[in-house]
Colleague: 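Shown below is the structure under consideration.
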Amino acid sequence: MANTLTLTATSPCYGLLPKTVGTCTLTETDLGTLTSVAPFKGRAVSDALKGAHGMAFPAPNRATGKDGARAIWFGRDMVLLAGPVPDPGLGDHAALTDQSDAWTCVTLSGEDAGAVLARLVPVDLRPAIFKQGHTARTQLGHMNASITRTGPDSFLILVFRSMAATLVHDLVTAMESLAARH
Amino acid sequence: MRLPCPICGERDRREFYYQGAAVALNRPAPDADADAWQDFVYLRENLPGDHQELWSHDAGCGAWLVVTRNTVTHAVLGAKLASEADR
Ligand SMILES: [Zn+2]
């Protein structure tokens with residue numbers, strides 16, 4: 001009789017999250033399928049994206065859509081489609097690349113979420129400046145990151161998958177040092 | 001020091017990487033003579049004052065920029081996308 005080996009996929013933050021410290025909670029977020037959408041030169045992709053997935057192609061530093069189907073500006077001439085499997089018709093206008101296994105995705109929420117990130121990120125993330133639907137490619141500690149405000153006290157944070165443990169360590173350390181001051 | 005990325009806005013210096021003098025954009029023709037290539041590869045003016053510098057926004061949008069920076073005062077006078085800079 002043949003032996004059967006069953007392999008179970010684990011998420012990037014498997015065994016590390018969730019964590020709650022003080023007012024903040026850090027959870028892993030399953031965004032679904034991740035696809036980079038890089039429009040071909042001179043091609044507009046916004047109508048196709050809207051028709052297929054219901055959200056406009058975001059301007060730089062912005063995200064469109066909502067939980068379950070988001071388009072996050074991801075760099076020069078590139079957007080990350082997070083959630084749905086991309087409509088094949090998008091491929092007529094843009095290069096589509098599957099990124100689903102490449103990123104660690106977490107959500108930091110709570111009253112002190114902004115203050116925690118202020119210790120690690122060289123961008124002004126205060127709500128008057130960095131509003132809901134705003135996003136930034138920047139650094140979190142020494143890691144290149146994508147940070148999007150998804151609510152008054154919540155941020156979606158992406159770094160390369162290989163940096164999951166460092167991301168959790170850096171964020172939890174900042175959460176602890178902030179909580180210790182209360 | 002902060003650099004004004006035309007795509008991302010004004011950002012901290014740590015998000016950028018210095019890529020050398022912007023003369024690197026003025027590549028000689030493939031059949032140019034050895035002197036032209038010697039100039040392009042090795043020779044740089046290093047006068048005090050306004051310099052055109054290449055910086056890449058590695059930790060931001062990824063674009064390469066031509067930044068005008070004064071090497072005496074360290075004032076940053078502007079930045080444009082390298083793809084749109086005068087050659
Ligand atoms: Zn930029």
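Quick caveat, the model's predicted, so the values are computed rather than measured. In the text below, chain A, chain B and the rest are named by the order of the sequence lines, each starting its count at 1.
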Colleague: Test of understanding: clusters of I, L, V, M, F, W, Y form through side-chain heavy atoms closer than 4.5 Å, transitively. Do A:Val37 and A:Phe74 belong to the same one?
Modeller: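 No, separate clusters.
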Colleague: Is A:Ile147 reachable from A:Val123 through a run of hydrophobic residues whose side-chain heavy atoms are each under 4.5 Å from the next?
Modeller: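 In one cluster with A:Val123: A:Ile147, yes.
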Colleague: Taking atom types as modelled, which donor-acceptor pairs link chain B and chain A at under 3.5 angstrom?
Modeller:
unit_1	atom_1	unit_2	atom_2	d
B:Ile7	O	A:Asn61	ND2	3.1
B:Arg11	NH1	A:Arg137	O	2.9
B:Glu15	OE2	A:Thr138	OG1	2.5
B:Asp58	O	A:Asn144	ND2	3.4
B:Ala59	O	A:Thr138	N	3.2
B:Cys61	O	A:Arg76	N	2.9
B:Ser83	OG	A:Arg76	NH2	2.9

Colleague: If hydrophobic clusters are built from ILVMFWY residues whose side chains come within less than 4.5 Å, do A:Met175 and A:Met163 share one?
Modeller: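 Yes, A:Met175 and A:Met163 fall within the same hydrophobic cluster.
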Colleague: So what's closer than 4.5 Å to chain B heavy atoms on A:Ala136: side chain, backbone, both or neither?
Modeller: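 It is both, since atoms from each part get that close.
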Colleague: Are A:Leu171 and A:Val159 connected into the same hydrophobic cluster when the rule is that any two of I, L, V, M, F, W, Y join if their side-chain heavy atoms are below 4.5 Å apart?
Modeller: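 Linked within one cluster.
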Colleague: Mind checking side chain to side chain contact (heavy atoms under 4.5 Å, CB included) for B:Ala21 and listing every partner two or more places apart, or none if nothing turns up?
Modeller: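 Once residues adjacent in sequence are excluded, the partners of B:Ala21 under the side chain to side chain contact (heavy atoms under 4.5 Å, CB included) criterion are B:Val23, B:Arg44.
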Colleague: Pick whichever of B:Gly9, B:Ala63, B:Gly62, B:Gly60 has the most heavy-atom pairs under 4.5 Å with chain A.
Modeller: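 Of the candidates given, the most pairs with chain A belong to B:Gly60.
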Colleague: Checking heavy atoms, do the side chain of A:Pro60, its backbone, both or neither come under 4.5 Å from chain B?
Modeller: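 The side chain, not the backbone.
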Colleague: Verify the cluster assignment for A:Leu96 and A:Ile72: are they in a single hydrophobic cluster under the rule of side-chain heavy atoms below 4.5 Å apart?
Modeller: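 No, A:Leu96 and A:Ile72 fall in different hydrophobic clusters.
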